[in-house]
Amino acid sequence: MACRSGCCCGSSGPINEDNARFLLLALFIILYLLCGAAVFSALEQPKEREAKTRWEQRFEHFSQKHNLSTRDLRNFLRSYEEANVAGIRVDTVRPRWDFTGAFYFVGTVVSTIGFGMTTPATIGGKIFLMFYGLLGCAATILFFNLFLERVITVIAFVLKSFHERRRSKAVLPQNGRRVSEGEKVGGAEAGAVGKPEELAGWKPSVYCVMFILGAAAILVSCCASLMYSAAEGWGYLDSLYFCFVAFSTIGFGDMVSSQRISYEGHATAAYRVGNFFFILTGVCCIYSLFNVISIVIKQVLNWLLRRLEASCHCCFPRRGPHRHPRRNVVAPGHLRTRRDPSIETDAINESETDPGRRMSGEMISMRDFLAANKVNLAIMQKQLSEMAVGHPRQSGGSCSHQNGFSGGVGALGIMNNRLAETSVDR
């Protein structure tokens with residue numbers, strides 16, 4: 001009682017774990033945005049003021065030199081800004097709306113990069129873009145998710161192969177020959193019996209997968225930067241900056257590749273094919289890396305929730321080894337008297353609270369009828385969910401929710417139970 005009087009939640013009861021994690025993530029993003037705004041403001045604002053002062057001086061000097069009024073000169077610059085939006089540049093660039101230019105444009109649309117150097121100017125083009133982007137972006141996100149699933153599968157297979165090879169070599173030599181696991185005695189023999197089972201359930205760590213994906217993204221970015229530095233004439237650091245902005249689908253549009261009509265000393269067609277390949281590969285790698293990093297962020301949020309559980313027993317009570325909490329809810333133990341109710345039997349148990357009713361042959365009551373319908377609806381929802389996912393859900397609901405990675409949507413659902421940190425066996 002004393003604990004509740006000094007508790008931050010008051011009388012609102014236990015806090016849902018998913019909602020608590022969501023609020024912590026929202027607070028983290030807000031703080032992250034504030035810190036980022038402070039850093040970029042300190043770095044870029046002096047440069048902006050300097051450029052503005054220099055532009056005003058040039059504007060005044062040009063108007064006086066050519067005897068132009070400030071109003072006429074500003075109107076001319078506004079006309080150029082309108083032409084710039086339509087894709088007209090001072091330097092000669094490739095046509096924006098021929099077939100190859102339009103293909104480059106739709107590629108930036110469906111990949112959600114959106115450089116902004118080319119935009120539809122007609123009403124028909126804007127309307128068509130809304131419907132085209134709706135289907136194209138959804139299909140591309142599905143492609144990225146399937147790519148992520150296959151990448152994690154390949155990485156897990158390779159790492160498991162190395163793990164098995166390392167375990168097979170980790171035996172002590174006797175008399176110049178290796179000892180097989182069948183020849184071991186004592187405790188070593190007992191430990192060898194369980195090794196195949198351990199390897200069958202072995203999964204790679206999220207940190208190892210994150211390191212591999214990070215190395216792949218860095219390798220692709222470095223190779224692409226070499227190509228962009230040679231073809232576009234950019235500095236290597238600027239090329240790396242462009243690679244991150246493009247591969248992460250931020251797409252500022254301040255630097256855009258493959259915009260010249262031709263490239264001197266380079267095969268134009270080969271360069272554009274290489275540009276397409278590097279952007280596609282880089283976006284897939286960075287997308288996969290972002291989703292794996294999100295698993296690490298979720299681990300940090302789960303750690304913070306555990307710390308909150310230790311400091312506030314009313315909002316986040318401790319869960320002992322014999323308590324089986326409901327899905328993603330941190331509630332007191334005396335409120336959870338039943339053990340792991342399933343959706344198939346939950347409503348049936350509720351309908352059988354009256355002793356002897358089900359055995360007496362008495363006519364079914366309205367309460368029992370509604371309970372039976374509830375069971376049928378729950379089973380139907382479960383079957384539809386399993387059909388949509390493509391495989392039945394794992395059993396053992398209470399264990400699958402202890403690490404906070406059960407379920408999931410999109411990429412989180414794909415990585416569920418595929419990494420050591422998201423496994424239901426942890």
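Values in this document were obtained by computation on a predicted structure and should not be read as measured data.
- Heavy atoms of other residues, nucleotides or ligands lying less than 6.0 angstrom from CZ of Phe103 number 12 at most.
- The side-chain heavy atoms of Ile286 and Phe144, taken from C-beta on, include no pair separated by under 4.5 Å.
- Looking at Glu232 and Arg260, their side chains come closer than 4.5 Å, going by heavy atoms from C-beta outward.
- Taking CZ of Phe278 as the reference point, atom OG of Ser257 lies at 11.5 Å (rounded to 0.5 Å).
- Taken to the nearest 0.5 Å, the CZ atom of Phe76 stands 9.5 Å off from the CG atom of Leu68.
- Interatomic distance, Thr100 OG1 to Arg272 CZ, rounded to the nearest 0.5 Å: 6.0 Å.
- When the options His61, Glu60, His66 are evaluated for a side-chain hydrogen bond (donor to acceptor under 3.5 Å, both in side chains) with Gln64, the one that passes is Glu60.
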(request) Could you please spell out the steps behind the side-chain contact (heavy atoms from CB on, under 4.5 Å) verdict for Trp97 and Thr118? (result) CA-CA 9 Å; Trp97 292 111; Thr118 304; 3.2 Å; yes

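- Checked by atom type and distance alone, the side chain of Ser221 never pairs as donor or acceptor with a backbone atom of Ile218 at under 3.5 Å.
- The pair Arg54-Glu50 meets the salt-bridge criterion, with a side-chain N (NZ, NE, NH1 or NH2) lying under 4.0 Å from an Asp/Glu carboxylate O.
- The backbone N or O of Asn145 lies less than 3.5 Å from no partner atom in the side chain of Arg150, so there is not a single donor-acceptor pair.
- Shortest non-hydrogen contact noted between Ala246 and Phe115 is CB-CZ, 3.9 Å.
- A salt bridge links Glu17 to Arg21: at least one charged side-chain nitrogen sits closer than 4.0 Å to a carboxylate oxygen.
- For the 3.5 Å distance criterion, the side chains of Tyr228 and Asn275 qualify, holding a donor opposite an acceptor.
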(request) Would you sort out whether Ile113 and Phe247 count as a side-chain contact (heavy atoms from CB on, under 4.5 Å), showing the intermediate values? (result) CA-CA 8 Å; Ile113 295 177; Phe247 297 167; over 6 Å; no

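- Between Ser225 and Cys243, the shortest heavy-atom distance links the atoms OG-SG, 3.6 Å.
- The OG atom of Ser41 sits 9.0 Å away from atom CD of Glu48, with the distance rounded to the nearest 0.5 Å.
- Minimum heavy-atom separation, Pro95 to Asp98: O-OD1, 3.2 Å.
- There is a side-chain donor-acceptor pair under 3.5 Å between Asn75 and Arg78.
- A donor atom on one side chain and an acceptor atom on the other are not found under 3.5 Å apart for Ser294 and Asn291.
- A side-chain donor from one of Arg166 and His163 sits under 3.5 Å from a side-chain acceptor of the other.
- Side-chain contact check for Ser262 and Thr268: no donor-acceptor pair (N or O, by modelled atom type) lies under 3.5 Å.
- A ring-centre distance under 6.0 Å is found for Tyr32 and Phe28.
- Ring geometry for Phe290 against Phe244 counts as perpendicular: the plane angle is over 60°, on a 0 to 90° scale with 30° as the lower cut.
- Considering every non-hydrogen atom in both Cys284 and Phe147, the closest pair reads CB-CE2, 3.3 Å.
- Of the inter-residue distances, the one linking Met210 atom CE with Leu213 atom CG reads 9.5 Å to the nearest 0.5 angstrom.
- Taking all atoms of both residues into account, the shortest heavy-atom contact from Val256 to Gly253 is CG2-O, 3.7 Å.
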(message) side-chain hydrogen bond (donor to acceptor under 3.5 Å, both in side chains) for Ser239 and Ser229? Distances and angles first, verdict last.
(response) CA-CA 6 Å; Ser239 298; Ser229 298; 3.0 Å; yes

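- Both the sub-6.0 Å distance and the 45° axial angle are not jointly satisfied by Arg96 relative to the ring of Tyr104.
- For Tyr236, the OH atom is densely surrounded, since the number of other residues' heavy atoms within 6.0 Å is greater than 12.
- The two residues Ser111 and Thr140 make their nearest non-hydrogen contact at CA-CG2, 4.2 Å.
- Side chains of Lys298 and Trp303 form no contact here, defined as non-hydrogen atoms less than 4.5 Å apart.
- Relative ring orientation between Tyr241 and Phe252 is described as parallel, the plane-to-plane angle staying below 30° on a 0-90° scale split at 30° and 60°.
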(message) With side-chain contact (heavy atoms from CB on, under 4.5 Å) as the criterion, how do Phe105 and Val109 come out once you've worked through the C-alpha distance, each side chain's angles and the decisive distance to 0.1 Å?
(response) CA-CA 6 Å; Phe105 167 74; Val109 170; 3.7 Å; yes

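- The neighbour count for Phe59 CZ, taken as heavy atoms of other residues, nucleotides or ligands under 6.0 Å away, is above 12.
- At a threshold of 4.5 Å between non-hydrogen side-chain atoms, the residues Ser258 and Tyr263 count as touching.
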(message) Under the criterion side-chain contact (heavy atoms from CB on, under 4.5 Å), I'd like the reasoning laid out for Thr119 against Leu129: C-alpha separation, chi angles, the key distance, then a yes or no.
(response) CA-CA 10 Å; Thr119 56; Leu129 175 63; over 6 Å; no

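- For the atom pair CD1 of Ile295 and OG of Ser205, the computed distance is 11.5 Å after rounding to the nearest 0.5 Å.
- Between Asp72 and Ser69 the shortest side-chain heavy-atom distance falls below 4.5 Å.
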